[in-house]
**Q** 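Got a structure for you, questions after.
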Protein chains: 2
Amino acid sequence: MFLSKTFGYALRGVLYVAYIDKEGRKVQLDEMAEKLKVPRHFLAKIMKLMVKEGIMQSTKGPYGGFSLNEHTLKTKLIQLVRITEGVEQFNTCVLSLRKCNSQNPCPLHQQMLELRDAMLAEFSAKTLDDLLNSDDPDFIKSIATA
Amino acid sequence: MFLSKTFGYALRGVLYVAYIDKEGRKVQLDEMAEKLKVPRHFLAKIMKLMVKEGIMQSTKGPYGGFSLNEHTLKTKLIQLVRITEGVEQFNTCVLSLRKCNSQNPCPLHQQMLELRDAMLAEFSAKTLDDLLNSDDPDFIKSIATA
DNA sequence: TTTATAAAAGACCTATACGTCCTTTATTGA
DNA sequence: TCAATAAAGGACGTATAGGTCTTTTATAAA
Ligand code: FES
Ligand code: FES
């Protein structure tokens, strides 16, 4: 109902890289796909997209892999949404009638507006760093499928 | 991002029927599809589903069409969600990691939990009748595409 | 300068949400 | 009892999210 698989994989992927980065090493796709239990090739596609969008970096070849750059930890969740599914979704009507409009509100407008705005605010404020409890020994577990 | 097209069509469809019902007449698919500007055959499929689920009734043949039954106005939004997309969605993790679980929370769990619960509460409490402003002359406009 | 490694690129496949169409069944009034 | 009407049933088509595979490019070390 809420967010796409793609967004979830993207977030979990970059968080994994950030976490491992604290150990001072790069992360490769095989490791990520295995640890996070996500489809390797699909993850590759998403990681590549994030690199192209500049929120992290990668190097090819031996000892290569994904690593952080100066933007990564400052990246806001809303940017990840934008990259993976586009933000317009935050201002379309929940009934997909049109662009959500308080002048011509749909029957669910009142009940949804504050929730949606709260969510948007949350996603606009929170950075990846905010989500990174590097002191949590179970952090990896929290981003991996059970 | 939020709800499916199917849910939106279902809600708008039943609200239209309810609104017209106050005028004491039944509603037919052709009229609904035209007024709401939704694909006629797809709407048919959804209306038929709602009838089968018992939240409204229909009669075939001349002067037939859709009309309310004793359950319609008391129907809660959550039921409509259940019928059109299944409610499990309300207790799966937003990162689709698993069943959402406070004992093993994902990095977005804290920020999403209250929003999702608020939404669930909203959908569990609100009935179709609550959404029906039959005194609003622009009601139809509010459920039709611009 | 070759070989191994690992991401980038992009073609391709699959499942599902969304949508269309045709035939059947029930109802009505002439 | 027939013709017209309108929903029910169900097959079928399309678009997109999700997922797989193969080839190409960059990098590192021997
Ligand atoms: S108009 Fe529908 S959510 Fe605002
Ligand atoms: S565990 Fe992810 S939302 Fe609760």
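Numbered from 1 within each chain, the chains take letters A, B, ... in sequence-line order.
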**Q** Report all interatomic pairs (protein N or O, nucleotide N or O of nucleotides 15-19 of chain D) with separations under 3.5 Å.
**A**
| residue | atom | partner | partner atom | Å |
| --- | --- | --- | --- | --- |
| dG18(D) | OP1 | Lys5(A) | N | 3.2 |
| dG18(D) | OP2 | Thr6(A) | OG1 | 3.0 |
| dG19(D) | OP2 | Tyr9(A) | OH | 3.2 |
| dG19(D) | O6 | Lys45(A) | NZ | 2.5 |

**Q** Report the distance from atom CD1 of Ile46(A) to atom C1' of dA7(C), rounded to the nearest whole Å.
**A** 15 Å
**Q** Check the distance between dA7(C)'s C1' and Leu49(A)'s CG and give it to me in whole angstrom.
**A** 14 Å
**Q** Does Met56(A) reach the side chain of Thr75(A), with side-chain heavy atoms less than 4.5 Å apart?
**A** no
**Q** I'd like to know if Tyr16(B) and Leu49(B) are part of one continuous hydrophobic network [Ile/Leu/Val/Met/Phe/Trp/Tyr, side-chain heavy atoms within less than 4.5 Å].
**A** yes
**Q** Could you tell me whether the phosphate oxygens of dA8(C), OP1 or OP2, come under 4.0 Å of any side-chain nitrogen or oxygen in Ser58(A)?
**A** yes
**Q** Check Asp30(B) with Arg40(B), please: is the shortest side-chain N to carboxylate O separation under 4.0 Å?
**A** yes
**Q** Where along residues 23-30 of chain A does a heavy atom come under 4.0 Å from DNA chain D, residue by residue in number order?
**A** none
**Q** Calculate, to the nearest 0.5 Å, the distance between atoms CZ and CD1 belonging to Arg25(B) and Ile20(B) respectively.
**A** 4.5 Å
**Q** Rounded off to whole Å, could you give me the OH-to-C1' distance for the Tyr63(B) and dG29(C) pair?
**A** 8 Å
**Q** Counting only N and O atoms by type, is there a donor-acceptor contact under 3.5 Å from the side chain of Asp130(A) to the main-chain atoms of Thr127(A)?
**A** yes
**Q** Evaluate whether atom NZ of Lys52(A) has more than 12 neighbouring non-hydrogen atoms of other residues, nucleotides or ligands under 6.0 angstrom away.
**A** no
**Q** On DNA chain D, check which nucleotide each of Pro62(A) and Leu43(A) is closest to and give me the residue with the more 5' one.
**A** Leu43(A)
**Q** Return yes if some donor-acceptor pair links the side-chain N/O of Gln57(A) with the main-chain N/O of Leu68(A) below 3.5 Å, else return no.
**A** yes
**Q** Could you say whether Arg40(A) or Gly64(A) is positioned toward the 5' end of DNA chain D, judged by the nucleotide with the nearest heavy atom to each?
**A** Arg40(A)
**Q** Would you call Lys26(B) and Glu31(B) a salt bridge, taking side-chain N to carboxylate O under 4.0 Å as the test?
**A** no
**Q** In which stems does DNA chain D show up, taking only runs of three or more Watson-Crick or G-U wobble pairs whose two distances fall under 3.5 Å?
**A** C:1-30 with D:1-30
**Q** Check Leu73(B) against Leu132(B) and note the closest heavy-atom contact, atom names and distance.
**A** CD2-CD1, 3.7 Å
**Q** What integer distance in Å separates Gln57(A):CD from dA7(C):C1'?
**A** 13 Å
**Q** Would you say the side chain of Ser102(A) lies within less than 4.5 Å of the side chain of His109(A), judging by non-hydrogen atoms?
**A** yes
**Q** Surrounding NZ of Lys74(A) (heavy atoms of other residues, nucleotides or ligands, distance under 6.0 Å), is the total greater than 12?
**A** no
**Q** State whether the distance check finds a donor on one side and an acceptor on the other, under 3.5 Å, for side chain Lys48(A) versus base dA9(C).
**A** yes
**Q** For Lys60(A) and dA6(C), what is the distance between atoms NZ and P respectively, to the nearest whole Å?
**A** 14 Å
**Q** Distance check needed: dA7(D) P versus Met32(B) CE, whole Å only.
**A** 9 Å
